[in-house]
Amino acid sequence: MKPPPHEPNSARPVGTPGDTLRAQARREQMHARLLGAASIFCFLFTVVAGKLTLATIIRPMAPEKRQIAPQVPEIPKVDPRGALAGDFSLPQVHRAPIMDRNGQTLALSLPVAQVYANPQELIDPADIASRLHRILPAMNEEETARKLASPKQFVYIARNISPQQELAINNLGIPGIYFEPGEQRHYPLGRMAAQILGAVDIDDHGIAGVERHFDSRLLSDRRPLRLSLDIRIQSAVREEVATAMQTYQAIGACGIVMDVRTGEIIAMVSLPDYDANAFAHATNDERFNRAVTGLYEPGSTFKLQTAAMGLATGTIHVWDRFSSIPLKIGRFTIRDMKNDHFSPWLTLPEVMAYSSNPAAAHIALDVGGKRQAEWLRDMGFFAPVPVELPEAAHPLVPHQWGLATTMTVGFGHGVAEPPLAIVRGTAATVNGGILVSPTLLDAESRNSEQTVPPQDGLATVATPLQPSVAQAATTDSDTPAEPQGPRVMSPEVSALLRRILRLDVTQGTGRTAESPGYFVGGKTGTAEKIGPHGGYLKHVNISAFTGIFPMNAPHYAVYVMLDSPQATPQTHGWTTAGWNAAPTVSHIVSRIGPMLQIFPDTEHAAQIDAQLAISMQPAVPRGVRPLGPGNDPGDPRLLENTAHKSRELPTAQDQNTAAARKHLVAERRKASLEKMDE
């Protein structure tokens with residue numbers, strides 16, 4: 001009997017042929033699916049590998065700018081001719097570079113990084129400080145460890161680190177260490193023009209010099225700021241002034257080269273100076289710009305202004321004669337140097353060539369104090385020099401303009417002016433009578449910056465003395481620039497002053513300033529230095545020479561000043577300008593002339609000297625009564641007796657004149673002066 005189908009013993013035997021076939025079919029189906037999936041993955045991996053090989057090896061793509069770290073600068077293009085110098089800039093650098101007139105970089109900002117940390121994210125501050133110190137040796141390890149262990153969320157570790165240091169720190173892989181982009185100002189030429197360029201603070205804002213004056217412009221416009229300086233000329237002037245300062249053992253010195261037609265400052269040197277990259281470590285004396293901040297009594301260089309004032313106002317003429325006899329004012333005396341032995345009456349050319357103090361005082365008295373003050377104000381001597389330097393000082397001028405002031409200012413005492421003001425005044429006397437504004441921007445930059453608006457009513461300057469053919473061919477411009485500014489004297493007066501200045505070099509106190517073929521003209525000036533307590537220091541001088549070249553076609557003014565020079569054997573015991581400042585100007589002219597494309601003209605020297613010649617004692621025109629003995633209205637010794645000498649009954653006008661003169665005499669009796677000799 002068969003068991004019922006529902007009982008266990010009634011089940012079919014396991015492992016029958018049907019079950020084996022079904023299991024095998026399922027396994028084959030699974031293997032096919034796995035093989036298909038593996039093939040798909042192999043294909044995908046092959047595509048990805050091929051794409052990576054193409055993108056990284058066969059044809060790699062250039063990274064996008066946003067993918068590059070902001071500290072990585074753009075590779076500059078090769079530019080051997082400097083054609084792209086004016087457009088040179090670095091990415092992620094905000095402050096524009098500063099260049100000289102030829103495209104030489106004077107100041108630029110380089111990309112750097114600031115490294116900081118979040119102490120809350122750090123694990124072992126001491127270990128981190130130790131690892132950072134290996135990369136940043138200047139970092140104080142103990143101080144850094146203390147800051148990293150503080151409860152703050154932000155601390156600076158180091159500023160202005162190099163890209164190499166940034167990469168090395170980044171490779172440490174320390175969580176909580178971060179970077180931010182920055183820039184650092186760099187001055188590639190070190191000491192060159194340091195006081196002019198100035199400096200920036202830690203926040204990249206200008207704090208001195210051009211950096212401060214043009215701070216907004218340098219931050220808002222990435223175009224390079226091009227100055228009027230020629231670094232070749234700057235270097236030559238610095239070398240010559242430094243040599244003179246060392247040779248004559250002066251405690252300070254300055255030198256200036258300026259274009260008398262445009263006012264462009266080609267060179268400005270003040271010594272001692274400093275490395276512009278180490279502004280914070282420079283002393284006050286090194287930062288002091290003697291050319292614009294220093295105030296010095298101009299001495300006899302101011303006699304040029306006295307002569308120009310007298311000629312321009314029509315008070316004096318070139319043939320007039322003026323007394324060189326010592327002038328007594330109270331208990332003080334105005335006299336010339338003890339070794340000066342010349343006629344008691346000097347013509348105007350002789351006054352300038354021999355540099356007579358009493359004679360210059362007489363000219364000033366002839367003009368009068370009121371007109372003298374007006375002249376100096378119109379010449380800009382009452383205000384800071386309008387140059388793009390915030391350090392320009394306000395001159396020291398008398399508050400009351402009495403008889404004593406009129407006389408002493410006439411030969412350069414009683415006022416204190418910066419050297420650049422003297423250069424500006426000298427330029428006006430030789431460029432046709434136009435008072436130009438000194439500037440540190442070249443002509444192209446002034447037009448683009450629009451800092452100097454054009455002025456209306458500018459008169460064309462006549463040039464009576466034409467340069468020779470050879471000399472004209474050597475100038476750097478076929479069409480000389482016409483000076484722009486207010487007219488302060490006529491071209492005729494300017495031409496006469498040029499002859500007088502040339503005479504001072506050929507036959508006067510400035511003979512050592514001569515540079516063959518350059519026809520230098522100029523004026524010496526020596527003033528006793530004022531001490532810390534206000535009195536004059538005996539035998540301690542400020543020696544200066546203000547020169548122009550070439551005198552037949554004035555183009556450049558050259559000024560040299562030495563502070564407290566000492567007597568040397570080669571100066572035969574003298575410390576006056578003719579022995580130290582004047583020969584320094586000669587050396588400078590000889591060196592910079594060829595750089596400025598002005599070459600010595602010895603072939604036409606006789607012809608040019610004949611054009612510039614003027615007699616020491618010009619003839620008096622027929623029918624003219626010159627000033628001189630018996631006709632010197634500015635002689636204070638004659639003021640008291642003027643009314644008494646008249647044989648006629650004085651008119652009301654004469655009485656007023658005599659009263660005014662008596663008032664002047666009473667004023668000068670009360671005046672107190674120091675003895676001032678050149």
Side-chain angles (χ1 to χ4, degrees), residues 101-102 230 232-233 236-237 239-240 255-262 264 266-267 304 349 352-353 423 426-427 429-432 461-483 491-492 494-524 545-560 578 581-616:
R101 66 190 304 115
N102 300 316
D230 187 327
R232 304 168 305 162
I233 309 301
V237 173
E239 287 182 11
E240 293 297 339
I256 301 172
V257 178
M258 190 184 85
D259 191 322
V260 301
R261 306 170 304 177
T262 64
E264 292 174 286
I266 311 301
L304 175 60
M352 297 295 292
V423 175
T426 302
T429 64
V430 300
N431 67 7
V461 179
T463 308
L465 298 178
Q466 298 298 328
S468 66
V469 176
Q471 188 72 38
T474 59
T475 58
D476 60 355
S477 176
D478 294 336
T479 305
E482 294 183 358
E492 292 74 20
S494 177
L496 178 58
L497 290 172
R498 282 151 56 180
R499 288 182 167 91
I500 292 176
L501 289 175
R502 176 60 180 163
L503 183 69
D504 187 66
V505 173
T506 57
Q507 302 183 46
T509 58
R511 285 188 291 269
T512 54
E514 178 68 302
S515 182
Y518 285 106
F519 312 103
V520 180
K523 185 70 188 75
T524 55
F545 185 87
T546 177
I548 305 290
F549 82 99
M551 214 63 214
N552 58 313
H555 198 157
Y556 294 102
V558 181
Y559 178 94
V560 169
T584 305
V585 169
S586 174
H587 299 157
I588 291 175
V589 170
S590 299
R591 284 192 63 179
I592 70 174
M595 299 181 191
L596 296 169
Q597 298 301 303
I598 299 179
F599 301 98
D601 186 355
T602 56
E603 181 181 355
H604 303 84
Q607 176 186 354
I608 295 174
D609 279 330
Q611 288 181 325
L612 294 170
I614 184 173
S615 173
M616 276 285 199

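Each residue takes its place number in the sequence, starting with 1.
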Worksheet item: Which atom pair, heavy atoms only, marks the closest approach of P600 to P516?
Response: CB-O, 3.6 Å

Worksheet item: Any donor and acceptor pair, going by atom type alone, linking the side chain of S586 with main-chain N or O of E514 inside 3.5 Å?
Response: yes

Discussion item. Filter on salt bridge (Lys or Arg N to Asp or Glu O under 4.0 Å), then keep only pairs touching residues 548-558, sequence neighbours left out; what's left?
Written reply: none

Discussion item. Minimum heavy-atom separation for I614 and R499, please, with both atom names.
Written reply: CG2-O, 3.8 Å

Worksheet item: If every non-hydrogen atom of S494 is compared with every non-hydrogen atom of G432, which pair is closest and at what distance?
Response: OG-N, 3.1 Å

Fill in: Student check: side-chain heavy atoms of I592 and Y556 closer than 4.5 Å
no

Worksheet item: Who passes side-chain contact (heavy atoms from CB on, under 4.5 Å) against M595, sequence neighbours left out?
Response: R232, I233, A236

Item to complete: Using the test side-chain contact (heavy atoms from CB on, under 4.5 Å), find all partners of T512 that sit at least two apart in sequence or belong to another chain.
Response: A582, P583

Discussion item. Would the distance check show the side chain of R261 and the main-chain N or O of P554 forming a donor-acceptor pair, the cut-off being under 3.5 Å?
Written reply: no

Worksheet item: Has the side chain of T429 got a donor or acceptor atom that lies under 3.5 Å from a matching backbone atom of T426?
Response: yes

Worksheet item: Taking all non-hydrogen atoms of both residues, which atom of V505 and which atom of A513 are closest, and how far apart?
Response: CG1-C, 4.3 Å

Worksheet entry | Pairs touching residues 587-598 that satisfy salt bridge (Lys or Arg N to Asp or Glu O under 4.0 Å), sequence neighbours left out | E239-R591, E240-R591

Fill in: P594 versus Y518, closest heavy-atom pair with distance
CD-OH, 3.2 Å

Worksheet, complete the sentence: Distance col, row L612:CG vs I500:CD1, nearest 0.5 angstrom, shows 12.5 Å

Discussion item. To the nearest 0.5 Å, what is the distance between CZ on F545 and CD1 on I588?
Written reply: 11.0 Å

Worksheet item: OG1/T546 to CG/L304 distance, rounded to the nearest 0.5 angstrom?
Response: 7.5 Å

Worksheet entry | Residues forming a side-chain contact (heavy atoms from CB on, under 4.5 Å) with T262, sequence neighbours excluded | D259, E264, R446, A481

Item to complete: Decide yes or no for V430 and M551: does some side-chain heavy atom of the first lie under 4.5 Å from some side-chain heavy atom of the second?
Response: yes

Worksheet item: Are the side chain of Y559 and the backbone N or O of M258 linked by a donor-acceptor pair below 3.5 Å?
Response: no

Discussion item. In the structure I gave you, are the side-chain heavy atoms of L503 and M352 within less than 4.5 Å of one another anywhere?
Written reply: no

Fill in: Set of residues satisfying side-chain contact (heavy atoms from CB on, under 4.5 Å) with respect to A557, sequence neighbours excluded
V260, V423, I548

Discussion item. N552 vs R498, test: side chain to side chain contact (heavy atoms under 4.5 Å, CB included). Steps then yes/no.
Written reply: CA-CA 8 Å; N552 58 313; R498 282 151 56 180; over 6 Å; no

